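To start, the structure itself, in C-alpha coordinates.
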Amino acid sequence: MISLIIFYIISALVLIGSAGVIFSRNIVYASFSLLLALLGTAGIFVLLLAEFLAIVQILIYGGAVVTVILFALMLTKIDDFRSLSNINYWPISAFLTLLALIVLIIGIYQTKIDTQNLGLVKFSKFSNDLFEYWGIPFEIASLVLLVALIGAIVILKDRGNDS
Amino acid sequence: MSIADLFNYFSYVSGLFLSLTIIVLLLVWLERKVLARIQMRMGPMRVGFHGALQPIADAIKLISKEDILPAWADKLVYWFAPIVVFVPAFLLWVTIPFGKNMVIRSLDLGLFFIVAISVLSVLGLIMAGWGSANKYAVLGGLRAAGQLMSYEIPLIMAILTIAILSQSLNLVEIVDKQSQIPNIFIQPLGLVLFFIAGLAELGRTPFDIHHAESEVVGGPFVEYSGAHWSVFFLAEYINTFTISILTVLLFLGGWHWPNIPFSGNLQTILSVFVVLIKTILVVSVIFWIRATYPRLRIDQLMSFGWKMLIPMAFINVTITACIIYYDELPLWILPILSVILLILSAVIIQRKFSKNIINTVQVISAKSLLKEKSEVDIN
(Lines give C-alpha, C1' and ligand atoms only; values in the text may rest on other atoms or scores of the structure.)
Protein backbone atom coordinates (compact mmCIF):
# COMPACT_ATOMS: atom_id res chain seq x y z
CA MET A 1 0.00 0.00 0.00
CA ILE A 2 2.68 2.46 1.07
CA SER A 3 4.86 1.41 -1.86
CA LEU A 4 1.95 2.30 -4.17
CA ILE A 5 1.73 5.78 -2.60
CA ILE A 6 5.49 6.17 -2.98
CA PHE A 7 5.21 5.06 -6.60
CA TYR A 8 2.59 7.75 -7.31
CA ILE A 9 4.67 10.43 -5.62
CA ILE A 10 7.80 9.45 -7.56
CA SER A 11 5.92 9.22 -10.85
CA ALA A 12 4.47 12.67 -10.25
CA LEU A 13 8.01 13.98 -9.67
CA VAL A 14 9.23 12.34 -12.89
CA LEU A 15 6.34 13.84 -14.85
CA ILE A 16 6.87 17.29 -13.33
CA GLY A 17 10.59 17.05 -14.14
CA SER A 18 9.96 15.97 -17.73
CA ALA A 19 7.40 18.73 -18.25
CA GLY A 20 9.91 21.19 -16.84
CA VAL A 21 12.55 20.08 -19.34
CA ILE A 22 10.20 20.70 -22.25
CA PHE A 23 8.29 23.80 -21.20
CA SER A 24 10.88 25.76 -19.25
CA ARG A 25 12.13 28.84 -21.09
CA ASN A 26 15.22 29.04 -18.88
CA ILE A 27 17.83 26.50 -19.94
CA VAL A 28 19.30 26.13 -16.44
CA TYR A 29 15.86 25.39 -15.01
CA ALA A 30 15.40 22.83 -17.78
CA SER A 31 18.60 21.01 -16.78
CA PHE A 32 17.58 20.99 -13.11
CA SER A 33 14.21 19.54 -14.15
CA LEU A 34 16.11 16.90 -16.11
CA LEU A 35 17.94 16.03 -12.89
CA LEU A 36 14.61 15.69 -11.07
CA ALA A 37 13.25 13.37 -13.77
CA LEU A 38 16.41 11.22 -13.77
CA LEU A 39 16.49 10.91 -9.96
CA GLY A 40 12.80 10.01 -10.00
CA THR A 41 13.58 7.23 -12.47
CA ALA A 42 16.19 5.97 -10.01
CA GLY A 43 13.45 5.90 -7.37
CA ILE A 44 11.26 3.77 -9.66
CA PHE A 45 14.18 1.37 -10.15
CA VAL A 46 14.44 1.03 -6.37
CA LEU A 47 10.72 0.21 -6.18
CA LEU A 48 11.30 -2.51 -8.81
CA LEU A 49 14.08 -3.92 -6.57
CA ALA A 50 16.78 -3.06 -9.15
CA GLU A 51 19.07 -1.32 -6.69
CA PHE A 52 22.20 -1.63 -8.83
CA LEU A 53 20.45 0.08 -11.74
CA ALA A 54 19.15 2.79 -9.40
CA ILE A 55 22.62 3.55 -8.04
CA VAL A 56 24.11 3.59 -11.54
CA GLN A 57 21.33 5.95 -12.62
CA ILE A 58 22.18 8.36 -9.78
CA LEU A 59 25.93 8.10 -10.36
CA ILE A 60 25.98 8.48 -14.15
CA TYR A 61 22.99 10.69 -14.87
CA GLY A 62 22.52 12.58 -11.62
CA GLY A 63 26.18 13.06 -10.87
CA ALA A 64 28.06 13.13 -14.14
CA VAL A 65 25.75 13.98 -17.04
CA VAL A 66 23.78 16.81 -15.42
CA THR A 67 26.96 18.27 -13.92
CA VAL A 68 28.62 18.30 -17.35
CA ILE A 69 25.53 19.89 -18.93
CA LEU A 70 25.46 22.59 -16.23
CA PHE A 71 29.20 23.13 -16.59
CA ALA A 72 28.78 23.70 -20.33
CA LEU A 73 25.79 26.01 -19.78
CA MET A 74 27.57 28.20 -17.27
CA LEU A 75 30.53 28.74 -19.58
CA THR A 76 28.20 30.12 -22.28
CA LYS A 77 25.92 33.13 -22.31
CA ILE A 78 22.26 32.36 -21.66
CA ASP A 79 21.25 34.79 -24.46
CA ASP A 80 22.86 32.45 -27.00
CA PHE A 81 20.23 29.83 -26.24
CA ARG A 82 17.27 32.17 -26.73
CA SER A 83 17.94 32.30 -30.47
CA LEU A 84 18.59 28.56 -30.59
CA SER A 85 15.13 27.74 -29.26
CA ASN A 86 13.45 29.36 -32.29
CA ILE A 87 14.88 27.09 -34.97
CA ASN A 88 12.55 25.60 -37.55
CA TYR A 89 13.54 21.97 -37.22
CA TRP A 90 10.85 21.20 -34.67
CA PRO A 91 8.65 19.04 -37.00
CA ILE A 92 11.59 16.71 -37.67
CA SER A 93 12.47 16.38 -34.00
CA ALA A 94 8.81 15.89 -33.09
CA PHE A 95 8.52 13.14 -35.70
CA LEU A 96 11.67 11.39 -34.46
CA THR A 97 10.55 11.60 -30.84
CA LEU A 98 7.14 10.19 -31.74
CA LEU A 99 8.83 7.34 -33.61
CA ALA A 100 11.03 6.56 -30.60
CA LEU A 101 7.96 6.64 -28.34
CA ILE A 102 6.09 4.18 -30.59
CA VAL A 103 9.08 1.82 -30.70
CA LEU A 104 9.38 2.00 -26.91
CA ILE A 105 5.67 1.32 -26.35
CA ILE A 106 5.76 -1.67 -28.71
CA GLY A 107 8.90 -2.91 -26.95
CA ILE A 108 7.29 -2.58 -23.52
CA TYR A 109 4.19 -4.52 -24.62
CA GLN A 110 6.29 -7.23 -26.30
CA THR A 111 8.44 -8.06 -23.26
CA LYS A 112 6.95 -10.50 -20.82
CA ILE A 113 8.45 -9.43 -17.52
CA ASP A 114 6.48 -10.60 -14.51
CA THR A 115 6.06 -7.37 -12.55
CA GLN A 116 4.00 -9.02 -9.82
CA ASN A 117 6.62 -11.42 -8.47
CA LEU A 118 9.82 -9.44 -8.30
CA GLY A 119 12.92 -11.02 -6.85
CA LEU A 120 16.09 -9.30 -5.73
CA VAL A 121 19.09 -10.43 -7.79
CA LYS A 122 22.26 -10.65 -5.72
CA PHE A 123 24.92 -8.27 -6.96
CA SER A 124 27.54 -11.05 -7.14
CA LYS A 125 25.26 -13.09 -9.42
CA PHE A 126 24.58 -10.01 -11.53
CA SER A 127 28.29 -9.27 -11.99
CA ASN A 128 29.12 -12.90 -12.76
CA ASP A 129 26.43 -12.93 -15.43
CA LEU A 130 27.64 -9.62 -16.81
CA PHE A 131 31.17 -10.87 -17.32
CA GLU A 132 30.37 -14.46 -18.33
CA TYR A 133 27.28 -14.36 -20.57
CA TRP A 134 27.32 -10.70 -21.61
CA GLY A 135 31.09 -10.30 -21.91
CA ILE A 136 31.18 -9.36 -25.60
CA PRO A 137 28.38 -6.73 -25.49
CA PHE A 138 30.07 -5.29 -22.40
CA GLU A 139 33.40 -5.02 -24.22
CA ILE A 140 31.72 -3.49 -27.28
CA ALA A 141 30.06 -0.88 -25.07
CA SER A 142 33.39 0.01 -23.48
CA LEU A 143 34.98 0.18 -26.94
CA VAL A 144 32.32 2.68 -28.03
CA LEU A 145 33.05 4.80 -24.97
CA LEU A 146 36.79 4.63 -25.67
CA VAL A 147 36.20 5.75 -29.28
CA ALA A 148 34.08 8.66 -28.02
CA LEU A 149 36.82 9.64 -25.56
CA ILE A 150 39.59 9.56 -28.18
CA GLY A 151 37.34 11.36 -30.67
CA ALA A 152 36.69 14.18 -28.20
CA ILE A 153 40.43 14.57 -27.59
CA VAL A 154 41.21 14.58 -31.34
CA ILE A 155 38.53 17.20 -32.09
CA LEU A 156 39.74 19.37 -29.23
CA LYS A 157 43.36 19.08 -30.33
CA ASP A 158 42.55 20.26 -33.88
CA ARG A 159 40.67 23.26 -32.50
CA GLY A 160 43.64 24.11 -30.34
CA ASN A 161 46.02 24.13 -33.32
CA ASP A 162 43.75 26.42 -35.39
CA SER A 163 43.48 29.22 -32.91
CA MET B 1 5.14 -1.70 5.73
CA SER B 2 2.98 -0.54 8.62
CA ILE B 3 2.63 2.47 10.88
CA ALA B 4 5.08 0.95 13.37
CA ASP B 5 7.70 0.64 10.62
CA LEU B 6 7.17 4.26 9.65
CA PHE B 7 7.57 5.28 13.27
CA ASN B 8 10.78 3.22 13.44
CA TYR B 9 12.22 4.94 10.36
CA PHE B 10 11.25 8.30 11.75
CA SER B 11 13.03 7.57 15.03
CA TYR B 12 16.13 6.36 13.13
CA VAL B 13 16.26 9.54 11.08
CA SER B 14 15.76 11.87 14.04
CA GLY B 15 18.31 9.95 16.13
CA LEU B 16 20.82 10.12 13.31
CA PHE B 17 20.20 13.83 12.81
CA LEU B 18 20.62 14.54 16.51
CA SER B 19 23.84 12.54 16.85
CA LEU B 20 25.33 14.06 13.68
CA THR B 21 24.51 17.56 14.92
CA ILE B 22 26.20 16.87 18.25
CA ILE B 23 29.22 15.44 16.40
CA VAL B 24 29.41 18.55 14.20
CA LEU B 25 29.32 20.83 17.25
CA LEU B 26 32.10 18.73 18.79
CA LEU B 27 34.17 18.89 15.58
CA VAL B 28 33.82 22.68 15.34
CA TRP B 29 35.08 23.06 18.89
CA LEU B 30 37.87 20.54 18.30
CA GLU B 31 38.98 22.28 15.10
CA ARG B 32 39.20 25.67 16.78
CA LYS B 33 41.08 24.19 19.73
CA VAL B 34 43.54 22.18 17.59
CA LEU B 35 44.24 25.14 15.29
CA ALA B 36 44.70 27.40 18.30
CA ARG B 37 47.13 25.02 20.02
CA ILE B 38 49.18 24.61 16.82
CA GLN B 39 49.37 28.39 16.45
CA MET B 40 50.27 28.85 20.15
CA ARG B 41 46.93 30.42 21.07
CA MET B 42 44.30 29.41 23.58
CA GLY B 43 41.29 29.26 21.28
CA PRO B 44 37.77 29.78 22.65
CA MET B 45 37.92 29.94 26.45
CA ARG B 46 35.02 32.10 27.66
CA VAL B 47 31.80 30.12 27.09
CA GLY B 48 31.65 27.02 29.24
CA PHE B 49 34.57 24.83 30.30
CA HIS B 50 37.48 25.71 27.96
CA GLY B 51 34.97 27.13 25.50
CA ALA B 52 33.01 23.88 25.19
CA LEU B 53 29.71 25.71 24.74
CA GLN B 54 31.13 28.08 22.11
CA PRO B 55 29.73 26.13 19.09
CA ILE B 56 26.24 26.21 20.63
CA ALA B 57 26.48 29.96 21.10
CA ASP B 58 27.66 30.27 17.49
CA ALA B 59 24.76 28.13 16.28
CA ILE B 60 22.21 30.28 18.13
CA LYS B 61 23.80 33.40 16.68
CA LEU B 62 23.70 31.96 13.14
CA ILE B 63 20.08 30.85 13.35
CA SER B 64 18.90 34.20 14.70
CA LYS B 65 20.80 36.10 11.98
CA GLU B 66 18.90 37.66 9.09
CA ASP B 67 18.66 35.68 5.86
CA ILE B 68 19.59 37.90 2.94
CA LEU B 69 18.39 37.33 -0.62
CA PRO B 70 20.41 39.21 -3.24
CA ALA B 71 18.23 41.31 -5.57
CA TRP B 72 19.37 39.57 -8.76
CA ALA B 73 19.44 36.06 -7.31
CA ASP B 74 17.46 33.24 -8.82
CA LYS B 75 15.11 32.66 -5.90
CA LEU B 76 14.20 29.00 -6.48
CA VAL B 77 17.75 27.80 -7.18
CA TYR B 78 19.13 29.98 -4.38
CA TRP B 79 16.89 28.51 -1.69
CA PHE B 80 17.13 24.93 -2.98
CA ALA B 81 20.95 24.77 -3.09
CA PRO B 82 21.54 24.25 0.68
CA ILE B 83 19.06 21.36 0.64
CA VAL B 84 20.79 19.73 -2.34
CA VAL B 85 24.12 19.97 -0.53
CA PHE B 86 22.80 18.76 2.81
CA VAL B 87 20.56 15.83 1.83
CA PRO B 88 23.32 13.69 0.19
CA ALA B 89 25.68 14.35 3.12
CA PHE B 90 22.98 13.07 5.45
CA LEU B 91 21.72 10.23 3.23
CA LEU B 92 25.14 8.53 3.22
CA TRP B 93 24.71 7.67 6.88
CA VAL B 94 21.98 5.15 6.11
CA THR B 95 24.62 2.52 5.42
CA ILE B 96 27.65 3.62 7.45
CA PRO B 97 28.11 1.51 10.59
CA PHE B 98 29.04 3.37 13.80
CA GLY B 99 30.10 0.19 15.55
CA LYS B 100 29.49 -3.51 15.76
CA ASN B 101 25.80 -4.18 14.84
CA MET B 102 25.21 -0.42 14.81
CA VAL B 103 24.02 0.28 11.29
CA ILE B 104 20.62 1.46 10.07
CA ARG B 105 20.54 -0.64 6.89
CA SER B 106 23.49 -2.81 5.90
CA LEU B 107 23.28 -2.56 2.10
CA ASP B 108 25.00 -5.13 -0.11
CA LEU B 109 26.10 -2.32 -2.42
CA GLY B 110 26.92 0.01 0.46
CA LEU B 111 30.18 1.46 -0.86
CA PHE B 112 28.74 1.96 -4.32
CA PHE B 113 25.73 3.71 -2.77
CA ILE B 114 28.04 6.03 -0.81
CA VAL B 115 30.03 6.91 -3.95
CA ALA B 116 26.88 7.58 -5.99
CA ILE B 117 25.16 9.72 -3.38
CA SER B 118 28.23 11.78 -2.52
CA VAL B 119 28.57 12.80 -6.19
CA LEU B 120 25.25 14.65 -5.94
CA SER B 121 26.54 17.34 -3.58
CA VAL B 122 28.53 18.89 -6.47
CA LEU B 123 25.21 19.93 -7.98
CA GLY B 124 24.30 21.81 -4.84
CA LEU B 125 27.51 23.83 -5.01
CA ILE B 126 26.91 24.65 -8.70
CA MET B 127 23.31 25.63 -7.88
CA ALA B 128 24.47 27.87 -5.04
CA GLY B 129 27.05 29.52 -7.30
CA TRP B 130 24.66 30.10 -10.17
CA GLY B 131 21.70 31.10 -8.02
CA SER B 132 23.58 33.81 -6.17
CA ALA B 133 24.09 35.87 -9.37
CA ASN B 134 27.56 36.79 -8.21
CA LYS B 135 30.76 36.54 -10.28
CA TYR B 136 32.79 35.09 -7.44
CA ALA B 137 30.05 32.62 -6.59
CA VAL B 138 29.84 31.36 -10.19
CA LEU B 139 33.62 31.06 -10.40
CA GLY B 140 33.63 29.19 -7.10
CA GLY B 141 30.86 26.87 -8.28
CA LEU B 142 32.71 26.05 -11.49
CA ARG B 143 35.94 25.46 -9.58
CA ALA B 144 34.06 23.16 -7.20
CA ALA B 145 32.61 21.20 -10.11
CA GLY B 146 36.00 20.76 -11.80
CA GLN B 147 37.80 19.85 -8.61
CA LEU B 148 35.21 17.48 -7.22
CA MET B 149 34.69 15.66 -10.50
CA SER B 150 38.39 15.10 -11.11
CA TYR B 151 39.19 13.94 -7.58
CA GLU B 152 36.23 11.57 -7.56
CA ILE B 153 38.13 9.19 -9.87
CA PRO B 154 41.07 8.41 -7.53
CA LEU B 155 38.63 8.23 -4.61
CA ILE B 156 36.48 5.65 -6.39
CA MET B 157 39.58 3.75 -7.52
CA ALA B 158 40.93 3.60 -3.96
CA ILE B 159 37.55 2.32 -2.77
CA LEU B 160 37.58 -0.20 -5.62
CA THR B 161 40.92 -1.67 -4.50
CA ILE B 162 39.47 -2.27 -1.04
CA ALA B 163 36.38 -3.84 -2.60
CA ILE B 164 38.60 -6.16 -4.67
CA LEU B 165 40.72 -6.99 -1.66
CA SER B 166 37.80 -7.90 0.61
CA GLN B 167 35.57 -9.27 -2.21
CA SER B 168 32.61 -7.25 -1.00
CA LEU B 169 30.97 -3.83 -1.21
CA ASN B 170 29.22 -4.23 2.13
CA LEU B 171 30.88 -2.04 4.76
CA VAL B 172 30.16 -4.46 7.62
CA GLU B 173 31.76 -7.34 5.70
CA ILE B 174 34.76 -5.19 4.76
CA VAL B 175 35.36 -4.37 8.43
CA ASP B 176 34.92 -8.00 9.43
CA LYS B 177 37.58 -9.02 6.88
CA GLN B 178 40.04 -6.79 8.73
CA SER B 179 39.76 -8.59 12.07
CA GLN B 180 43.32 -9.93 11.69
CA ILE B 181 45.20 -7.35 9.62
CA PRO B 182 43.81 -3.87 8.95
CA ASN B 183 43.97 -2.84 5.32
CA ILE B 184 46.50 -0.09 6.04
CA PHE B 185 49.22 -2.77 6.25
CA ILE B 186 48.12 -4.33 2.96
CA GLN B 187 47.35 -1.12 1.07
CA PRO B 188 49.38 1.84 2.36
CA LEU B 189 49.23 3.46 -1.09
CA GLY B 190 45.45 3.01 -1.16
CA LEU B 191 45.14 4.80 2.19
CA VAL B 192 47.23 7.75 0.99
CA LEU B 193 45.28 8.01 -2.28
CA PHE B 194 41.94 7.77 -0.48
CA PHE B 195 42.91 10.32 2.13
CA ILE B 196 44.26 12.90 -0.34
CA ALA B 197 41.33 12.48 -2.73
CA GLY B 198 38.97 12.62 0.25
CA LEU B 199 40.52 15.89 1.43
CA ALA B 200 40.00 17.30 -2.07
CA GLU B 201 36.38 16.09 -2.10
CA LEU B 202 35.80 17.86 1.19
CA GLY B 203 37.44 21.04 -0.04
CA ARG B 204 39.54 21.25 3.08
CA THR B 205 42.63 23.33 3.28
CA PRO B 206 45.32 22.30 0.86
CA PHE B 207 42.50 21.89 -1.67
CA ASP B 208 40.01 24.58 -0.59
CA ILE B 209 40.31 26.57 -3.82
CA HIS B 210 36.57 26.64 -4.47
CA HIS B 211 35.88 28.72 -1.40
CA ALA B 212 39.29 30.36 -1.07
CA GLU B 213 38.80 33.67 0.72
CA SER B 214 41.68 35.44 -1.00
CA GLU B 215 40.73 34.40 -4.55
CA VAL B 216 36.97 33.91 -4.91
CA VAL B 217 35.98 35.56 -1.60
CA GLY B 218 33.86 32.71 -0.29
CA GLY B 219 33.07 30.75 -3.43
CA PRO B 220 29.48 29.57 -3.80
CA PHE B 221 28.60 30.67 -0.26
CA VAL B 222 29.41 34.40 -0.60
CA GLU B 223 25.84 35.58 -0.62
CA TYR B 224 24.45 33.17 1.96
CA SER B 225 23.99 34.18 5.56
CA GLY B 226 22.24 33.03 8.68
CA ALA B 227 20.48 29.68 8.74
CA HIS B 228 21.12 28.82 5.09
CA TRP B 229 24.84 29.37 5.42
CA SER B 230 24.82 27.22 8.55
CA VAL B 231 23.28 24.38 6.52
CA PHE B 232 26.31 24.47 4.18
CA PHE B 233 28.56 24.57 7.23
CA LEU B 234 26.78 21.58 8.77
CA ALA B 235 27.09 19.63 5.52
CA GLU B 236 30.81 20.41 5.28
CA TYR B 237 31.51 19.12 8.78
CA ILE B 238 29.30 16.06 8.32
CA ASN B 239 31.29 15.30 5.15
CA THR B 240 34.55 15.70 7.05
CA PHE B 241 33.33 13.21 9.61
CA THR B 242 32.10 10.87 6.85
CA ILE B 243 35.45 10.78 5.06
CA SER B 244 37.24 10.21 8.37
CA ILE B 245 34.94 7.38 9.43
CA LEU B 246 35.26 5.83 5.95
CA THR B 247 39.04 5.96 6.30
CA VAL B 248 38.69 4.19 9.63
CA LEU B 249 36.26 1.57 8.33
CA LEU B 250 38.07 0.87 5.06
CA PHE B 251 41.70 1.05 6.14
CA LEU B 252 42.15 1.23 9.91
CA GLY B 253 40.19 -1.87 10.86
CA GLY B 254 36.93 -0.21 11.97
CA TRP B 255 35.83 -1.40 15.41
CA HIS B 256 38.49 -4.09 15.62
CA TRP B 257 40.94 -3.62 18.42
CA PRO B 258 43.12 -6.50 19.53
CA ASN B 259 40.63 -8.36 21.72
CA ILE B 260 37.83 -6.06 22.80
CA PRO B 261 36.87 -7.29 26.28
CA PHE B 262 33.31 -8.16 27.39
CA SER B 263 30.55 -9.47 25.18
CA GLY B 264 27.00 -8.62 24.12
CA ASN B 265 25.72 -5.05 24.49
CA LEU B 266 28.73 -3.82 26.43
CA GLN B 267 31.02 -4.90 23.59
CA THR B 268 28.81 -3.07 21.09
CA ILE B 269 29.05 0.14 23.10
CA LEU B 270 32.82 -0.30 23.44
CA SER B 271 33.13 -0.86 19.66
CA VAL B 272 31.34 2.47 19.06
CA PHE B 273 33.94 4.14 21.24
CA VAL B 274 36.79 2.44 19.38
CA VAL B 275 35.42 3.71 16.05
CA LEU B 276 34.88 7.19 17.48
CA ILE B 277 38.40 7.43 18.92
CA LYS B 278 39.98 6.29 15.65
CA THR B 279 37.78 8.70 13.69
CA ILE B 280 38.67 11.63 15.91
CA LEU B 281 42.36 10.81 15.41
CA VAL B 282 41.86 10.96 11.62
CA VAL B 283 39.87 14.21 11.97
CA SER B 284 42.73 15.67 14.03
CA VAL B 285 45.14 14.77 11.21
CA ILE B 286 42.86 16.70 8.80
CA PHE B 287 42.92 19.72 11.15
CA TRP B 288 46.68 19.37 11.52
CA ILE B 289 47.08 19.46 7.73
CA ARG B 290 44.87 22.54 7.65
CA ALA B 291 47.13 24.29 10.11
CA THR B 292 50.34 23.28 8.31
CA TYR B 293 49.96 23.50 4.55
CA PRO B 294 49.24 26.50 2.31
CA ARG B 295 46.57 26.38 -0.37
CA LEU B 296 47.37 24.92 -3.79
CA ARG B 297 46.93 26.95 -6.96
CA ILE B 298 44.16 25.71 -9.27
CA ASP B 299 46.53 24.50 -12.02
CA GLN B 300 48.69 22.71 -9.45
CA LEU B 301 45.58 21.06 -8.08
CA MET B 302 44.41 19.86 -11.49
CA SER B 303 47.82 18.62 -12.64
CA PHE B 304 48.36 16.85 -9.32
CA GLY B 305 44.99 15.14 -9.62
CA TRP B 306 45.25 14.07 -13.24
CA LYS B 307 48.97 13.40 -13.60
CA MET B 308 49.72 11.92 -10.20
CA LEU B 309 46.75 10.59 -8.27
CA ILE B 310 44.78 9.05 -11.14
CA PRO B 311 47.67 7.06 -12.73
CA MET B 312 48.74 5.84 -9.28
CA ALA B 313 45.16 4.82 -8.49
CA PHE B 314 44.87 2.88 -11.77
CA ILE B 315 48.22 1.12 -11.22
CA ASN B 316 47.10 0.25 -7.70
CA VAL B 317 43.81 -1.25 -8.91
CA THR B 318 45.54 -3.28 -11.64
CA ILE B 319 48.18 -4.70 -9.28
CA THR B 320 45.63 -5.59 -6.62
CA ALA B 321 43.28 -7.25 -9.11
CA CYS B 322 46.14 -9.29 -10.67
CA ILE B 323 47.43 -10.51 -7.32
CA ILE B 324 43.95 -11.41 -6.07
CA TYR B 325 43.08 -13.17 -9.34
CA TYR B 326 46.21 -15.33 -9.53
CA ASP B 327 45.94 -17.27 -6.30
CA GLU B 328 49.42 -18.78 -6.51
CA LEU B 329 51.05 -15.40 -5.87
CA PRO B 330 51.52 -14.86 -2.14
CA LEU B 331 49.56 -11.98 -0.60
CA TRP B 332 52.61 -10.39 1.04
CA ILE B 333 53.73 -9.15 -2.42
CA LEU B 334 50.89 -6.65 -2.27
CA PRO B 335 52.07 -4.57 0.70
CA ILE B 336 55.65 -4.60 -0.64
CA LEU B 337 54.55 -3.38 -4.09
CA SER B 338 52.30 -0.82 -2.45
CA VAL B 339 55.13 0.58 -0.35
CA ILE B 340 57.43 0.69 -3.40
CA LEU B 341 54.80 2.60 -5.37
CA LEU B 342 54.27 4.96 -2.45
CA ILE B 343 57.98 5.77 -2.27
CA LEU B 344 58.10 6.13 -6.07
CA SER B 345 55.20 8.60 -6.05
CA ALA B 346 56.82 10.55 -3.21
CA VAL B 347 60.01 10.81 -5.31
CA ILE B 348 58.04 11.89 -8.40
CA ILE B 349 56.19 14.55 -6.39
CA GLN B 350 59.49 15.78 -4.99
CA ARG B 351 61.12 15.93 -8.44
CA LYS B 352 58.31 17.06 -10.68
CA PHE B 353 55.71 18.99 -8.75
CA SER B 354 58.00 21.02 -6.55
CA LYS B 355 60.13 22.07 -9.55
CA ASN B 356 57.75 24.86 -10.60
CA ILE B 357 57.73 26.34 -7.14
CA ILE B 358 61.52 26.17 -6.88
CA ASN B 359 61.83 27.81 -10.32
CA THR B 360 59.49 30.61 -9.27
CA VAL B 361 61.47 31.17 -6.11
CA GLN B 362 64.76 31.20 -8.04
CA VAL B 363 63.41 33.66 -10.63
CA ILE B 364 62.18 35.98 -7.92
CA SER B 365 65.44 35.81 -6.01
CA ALA B 366 67.48 36.35 -9.21
CA LYS B 367 65.37 39.41 -10.02
CA SER B 368 65.84 40.84 -6.57
CA LEU B 369 69.59 40.18 -6.85
CA LEU B 370 69.71 42.03 -10.19
CA LYS B 371 67.76 44.88 -8.70
CA GLU B 372 70.13 45.14 -5.76
CA LYS B 373 73.10 44.99 -8.11
CA SER B 374 71.74 47.76 -10.32
CA GLU B 375 71.05 49.90 -7.29
CA VAL B 376 74.61 49.34 -6.13
CA ASP B 377 75.88 50.27 -9.61
CA ILE B 378 73.90 53.50 -9.63
CA ASN B 379 75.22 54.36 -6.25
Side-chain angles (χ1 to χ4, degrees), chain A residues 1-7 16 20 24-36 38-39 42-43 45-47 49-78 120-128 131 153, chain B residues 1-3 5-6 9 74-77 80-81 84 87-88 91 95 105 107-131 133 135 137-150 152-153 156 163-164 167-170 173 220:
Chain A
M1 182 58 201
I2 284 177
S3 65
L4 201 66
I5 297 171
I6 293 172
F7 171 75
I16 292 169
S24 176
R25 280 270 141 196
N26 187 334
I27 192 111
V28 176
Y29 276 7
S31 47
F32 284 131
S33 313
L34 181 67
L35 174 70
L36 186 68
L38 292 170
L39 290 186
F45 283 145
V46 171
L47 281 181
L49 298 180
E51 48 174 17
F52 178 73
L53 217 53
I55 296 174
V56 168
Q57 175 90 6
I58 294 173
L59 183 67
I60 306 291
Y61 289 98
V65 171
V66 176
T67 313
V68 169
I69 291 175
L70 282 173
F71 208 91
L73 289 183
M74 282 177 195
L75 292 174
T76 43
K77 272 192 214 157
I78 286 206
L120 185 64
V121 179
K122 283 276 294 180
F123 177 60
S124 49
K125 186 183 180 310
F126 173 82
S127 44
N128 277 333
F131 285 106
I153 292 170
Chain B
M1 201 193 275
S2 61
I3 302 295
D5 281 346
L6 271 184
Y9 288 138
D74 197 319
K75 242 187 203 165
L76 199 68
V77 178
F80 255 107
V84 178
V87 167
L91 208 60
T95 187
R105 182 60 67 87
L107 294 174
D108 258 356
L109 292 170
L111 269 179
F112 195 34
F113 173 80
I114 287 171
V115 165
I117 298 292
S118 63
V119 171
L120 286 182
S121 58
V122 186
L123 284 164
L125 295 179
I126 298 179
M127 280 170 82
W130 193 79
K135 273 178 212 161
V138 175
L139 279 177
L142 288 178
R143 278 181 169 197
Q147 177 187 344
L148 267 57
M149 285 191 74
S150 38
E152 237 147 47
I153 303 165
I156 293 174
I164 292 172
Q167 300 283 303
S168 169
L169 284 167
N170 187 333
E173 280 177 27

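On a predicted model such as this, the values are computed, not experimentally measured, just so you know. We name chains A, B, ... by the order of the sequence lines, and we start the count at 1 in each one.
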Subject >> Part of F52(A) lying under 4.5 Å from any heavy atom of chain B >> reply: both
**OP:** Examine whether an atom of L35(A) lies under 4.5 Å from a heavy atom of chain B, and if so say whether it belongs to the side chain, the backbone or both; otherwise answer neither.
**Re:**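 Only the side chain of L35(A) comes within 4.5 Å of chain B.
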Subject >> Residues in residues 113-121 of chain B near chain A [non-hydrogen atoms, under 4.5 Å] >> reply: F113(B), V115(B), A116(B), I117(B), V119(B), L120(B)
**OP:** Residue by residue, scan residues 137-148 of chain B and write down, ordered by number, those that have a heavy-atom distance under 4.5 Å to chain A; if none do, write 'none'.
**Re:**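 The list, in residue order, reads L142(B), A145(B), G146(B).
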To the closest 0.5 Å, what do you measure between [atom1] ([X]) and [atom2] ([Y])?
X       : Y       : atom1 : atom2 : answer
L76(B)  : Y29(A)  : CG    : OH    : 5.0 Å
D108(B) : F126(A) : CG    : CZ    : 13.5 Å
I156(B) : L59(A)  : CD1   : CG    : 5.5 Å
L39(A)  : L123(B) : CG    : CG    : 8.5 Å

Original post:
Within a strict 4.5 Å, meaning less than it, do heavy atoms of the L70(A) and M127(B) side chains meet?
Top reply: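 The answer is no; the side chains never approach within 4.5 Å.
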